[in-house]
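Report on the following structure.
Quick caveat: nothing in here was measured; it's all calculated off a predicted structure. All heavy atoms count here, side chains included; hydrogens, waters and symmetry mates do not.
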Amino acid sequence: MEIYSYSFLILLLPALSFVILALCGMKMSHKTAGLIGTTSLGLVTVLSYATAFAYFGADRLADGTFPTIVPYNFTWLPLGNLHFDMGILLDPISVMMLIVISTVSFMVHIYSFGYMHGEKGFQRYYAFLSLFTMSMLGLVLATNIFQMYTFWELVGVSSYLLIGFYYPLKPAIAASKKAFIVTRFADMFFLIGILLFGYYTDSFSFSFAGDIVMGQGTTPFIEGNAAKAMAAGAFILPTALVLMFIGGAGKSAMFPLHIWLPDAMEGPTPVSALIHAATMVVAGVFQIARMFPLWVEYAQPQMSIIVWVGVFTAFYAAAVACAQSDIKRVLAFSTISQIAFMMVALGVSLPGHHGVLDNHAQLGFMAGMFHLFTHAMFKACLFLGAGCIIHAVHSNEMSMMGGLRKYMPITNITFLISCFAIAGIPFFSGFSSKDEIITACFAYSPVVGWIMTGIAAMTAFYMFRLYYGIFWGTENVEAHEHHTPHEAPATMTFPLIVLCVITCGVGIYTTIAGFAGWGGSFGQFVSAEGTNYTIHFDTQIAATSTIIAILSICLATYIYKGESQPIADRLYRQFPRLHRAAYKRFYQDEIWQYVTHRIIFRCVSTPIAWFDRHVVDGTFNFLAWGANEAGESLRPWQSGDVRQYAVWFLTGTVALTLILLAI
């Protein structure tokens, strides 16, 4: 346990960075503030990698699993039989998330030196980055559901601050409020689920079983009482888990709670790479994975909810992405679709025949976590590449781009590699993870398998539509005459290269390992059962998905690579309503606006407000009026006039005398 004694620094360093920059940042130069934030994240990254090497390099337990280690845990708030704990929990998925969060955050900190150069509020920006990173790290290291929820809300607050960074602009303010309100609405269900779970199980633990190595002096966990919950009703635990899933669906932008994510692109582009590609939006996926043993044990039928919400969200987001012209919004809807892939993967991870729980039957768990890892790297690269492009042409619209490959060779190559990865082409990281998801889907249901294969084809199509629209196609000569595009500075291209190297390195090894049956792939570290799982690709499914992805890329190349796009123009003329509907996100914002203003506000909020003003306020106003009138009536009795008191005294004396004589 002593080897993990430094683990508290992983949370402390970004917290200190936030405090220093928030209190003293305005007295510092931009360079000093940026160096403080970046140095702290560099140290966190080193500590995270040291933790990963120490954890995964240690001996496994007798049953072949990695131990769950809790180096720190203390009681924060005692509450009867329950107590709210704060601590650090290390297991395969939390250690894997340390790598993801620290790597992407560190790259974003370096990248922001160039992208945010000269921006007003530079110090405030780095303070918010530190706050967000600390919050996300606290979320994945949480030892219990309540601690997870605490940092979950801190993630929401910090994302609100970062999305609204350009607060003088009304769209940024509207986007930050929209993200905050929608995710808070979903978090209400998460909180209800937590309270329901804690009340009936007497615990906030993530599971009711498992060997846990506790550090010296740490507060032991309260073992959950599943029997009590089941005695109260078989629906208790499934209901609590589904309510928590709604909270996760809001954070991970699942339909219909996805509406905040596209508008969140109003924030700085590096923020989109950190929050809306690699970290915050996968919090919902991590929540399901963290509580996966409970889902499998007590809510298997309800896992179909996760599957079909994910399937529909993936298709919807892919369809919308095909019609967007803002490059950041294409990537935003691509993120929604890919997060849905991860959700589907977790949902299809049911026990095999005769209820047997094993890594093969629950392939989706490993595949979903693997895709979380690979997607974080190549999607962060895509968002940061988009930032380089916007930095060069000063616009998000593809119509202002075209032909940029000759001006931005590094951005072009890294963007192309990331597009190959997300399209699922062999020897790029996205192939290995997405192929395993599709394999798990076919094992669950051929219908789901073919639907997800089709959505994967749509992904390849719209991503290469985006690529050709930016780097090929028709160059906007008029716009480029006024401002010649140029490659981004080294502080911005270096993170692209690093993320691209990770994407290629992981892709090459895992592709070869998957076909050759080598060990050492992702399944060695993270699997449903926790034991070593050697990935073996299903050759038929791999070949089918690869051929379909290549055909989709060829179709996008045929339509969008040329100087003109007559086929695209003809399709637009033939299906203008469909194109406009997809461009307008199938009017989801308008539907929500109608539901909230015309139904909720008018039919629910207005009557409640009337009842509050006239009944509740009226009742208390009446009580206040009655007390005031009583006081006014009694005031003459306390006038302070001694002669009046003497008159009342004599009058009372006479009255009492007469009463006594009469008796």
Side-chain angles (χ1 to χ4, degrees), residues 100-101 103-116 119 121 125-126 128-129 131-133 135-136 155-156 158-167 169 171-176 178-180 182-183 251-253 258-283 317 320-321 324-339 372 375-398 411 414-415 418-419 422 462-463 466 470 488 492 495-496 499 585:
V100 171
I101 296 168
T103 301
V104 176
S105 183
F106 186 45
M107 292 299 104
V108 167
H109 275 71
I110 296 173
Y111 180 93
S112 297
F113 258 103
Y115 189 87
M116 301 298 290
E119 288 277 4
Y125 170 81
Y126 269 91
F128 291 164
L129 281 185
L131 174 63
F132 174 82
T133 305
S135 303
M136 195 67 206
V155 166
S158 50
S159 69
Y160 165 80
L161 295 172
L162 285 166
I163 294 169
F165 176 78
Y166 296 120
Y167 62 87
L169 304 177
I173 294 298
S176 62
K178 185 176 183 180
F180 192 77
V182 172
T183 52
K251 195 73 81 180
S252 291
H258 67 285
I259 56 173
W260 64 271
L261 184 57
D263 291 345
M265 298 300 108
E266 295 294 337
T269 303
V271 170
S272 300
L274 176 63
I275 296 180
H276 309 124
T279 53
M280 173 180 165
V281 290
V282 300
V320 173
Q324 298 301 302
S325 58
D326 183 318
I327 63 173
K328 286 181 68 176
R329 280 176 168 75
V330 174
L331 295 177
F333 280 102
S334 170
T335 299
I336 295 173
S337 185
Q338 296 304 301
I339 299 298
L372 187 156
H375 174 263
M377 302 304 167
F378 61 67
K379 183 56 67 69
C381 185
L382 287 167
F383 265 112
L384 295 180
C388 293
I389 296 159
I390 295 168
H391 185 265
V393 302
H394 304 292
S395 175
N396 293 19
E397 291 293 323
M398 279 191 278
T411 305
T414 55
F415 205 94
S418 298
C419 285
I422 195 173
Y462 68 68
M463 286 306 303
L466 175 67
I470 296 170
M492 296 171 66
L496 298 183
L499 293 170
R585 312 171 197 175

Minimum heavy-atom separation for [X] and [Y], please, with both atom names.
X	Y	answer
C419	L382	SG-CD2, 4.1 Å
H391	G114	NE2-O, 4.4 Å
L261	A332	CD2-O, 3.9 Å
F113	Y126	N-OH, 3.3 Å
V100	A376	CG1-CB, 3.6 Å
A179	I163	CB-CD1, 3.8 Å

Report yes if the side chains of [X] and [Y] come closer than 4.5 Å at any heavy-atom pair, otherwise no.
X	Y	answer
L384	C381	no
F128	S158	no
C388	L496	yes
T411	M492	no

Check: Y125 ring centroid to F165 ring centroid under 6.0 Å: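 They qualify: ring centres under 6.0 Å apart.
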Considering residues at least two apart in sequence or located in another chain, which fulfil the side chain to side chain contact (heavy atoms under 4.5 Å, CB included) criterion with I110?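 Partners of I110 by the side chain to side chain contact (heavy atoms under 4.5 Å, CB included) criterion, ordered by chain and then number, come out as T38, F106, M107, F494, P495.
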For I389 and N396, run side-chain contact (heavy atoms from CB on, under 4.5 Å): C-alpha distance rounded to whole Å, both residues' side-chain angles, the deciding distance at 0.1 Å, then the answer. CA-CA 8 Å; I389 296 159; N396 293 19; over 6 Å; no
First locate atom [atom1] of [X], then atom [atom2] of [Y], and finally report the distance between them rounded to the nearest 0.5 Å.
X	Y	atom1	atom2	result
Y111	L499	OH	CG	11.0 Å
I390	I327	CD1	CD1	4.5 Å
K178	I173	NZ	CD1	15.0 Å
S334	K379	OG	NZ	3.0 Å

When you measure from the side chain of [X] to the backbone N and O of [Y], does any donor-acceptor pair fall under 3.5 Å?
X	Y	result
H109	S105	yes
S159	V155	yes
S325	M398	no
K328	M265	yes
Y115	P270	no
S337	F333	no

When you look at L466 and F415, which way does the side-chain contact (heavy atoms from CB on, under 4.5 Å) test go after all the steps? CA-CA 10 Å; L466 175 67; F415 205 94; 3.8 Å; yes
Can H375 and T335 be said to form a side-chain contact (heavy atoms from CB on, under 4.5 Å), step by step? CA-CA 9 Å; H375 174 263; T335 299; 4.2 Å; yes
With the threshold set at 4.0 Å, does a side-chain nitrogen-carboxylate oxygen contact exist between E266 and R329?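 Yes.
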Where do Y166 and E119 land on the side chain to side chain donor-acceptor pair (under 3.5 Å) test, with the steps shown first? CA-CA 10 Å; Y166 296 120; E119 288 277 4; 3.3 Å; yes
Checking I339 against V282 for the side-chain contact (heavy atoms from CB on, under 4.5 Å) test, could you report, in this order, the C-alpha distance in whole Å, the side-chain angles of both residues, the deciding distance, and whether it holds? CA-CA 7 Å; I339 299 298; V282 300; 3.4 Å; yes
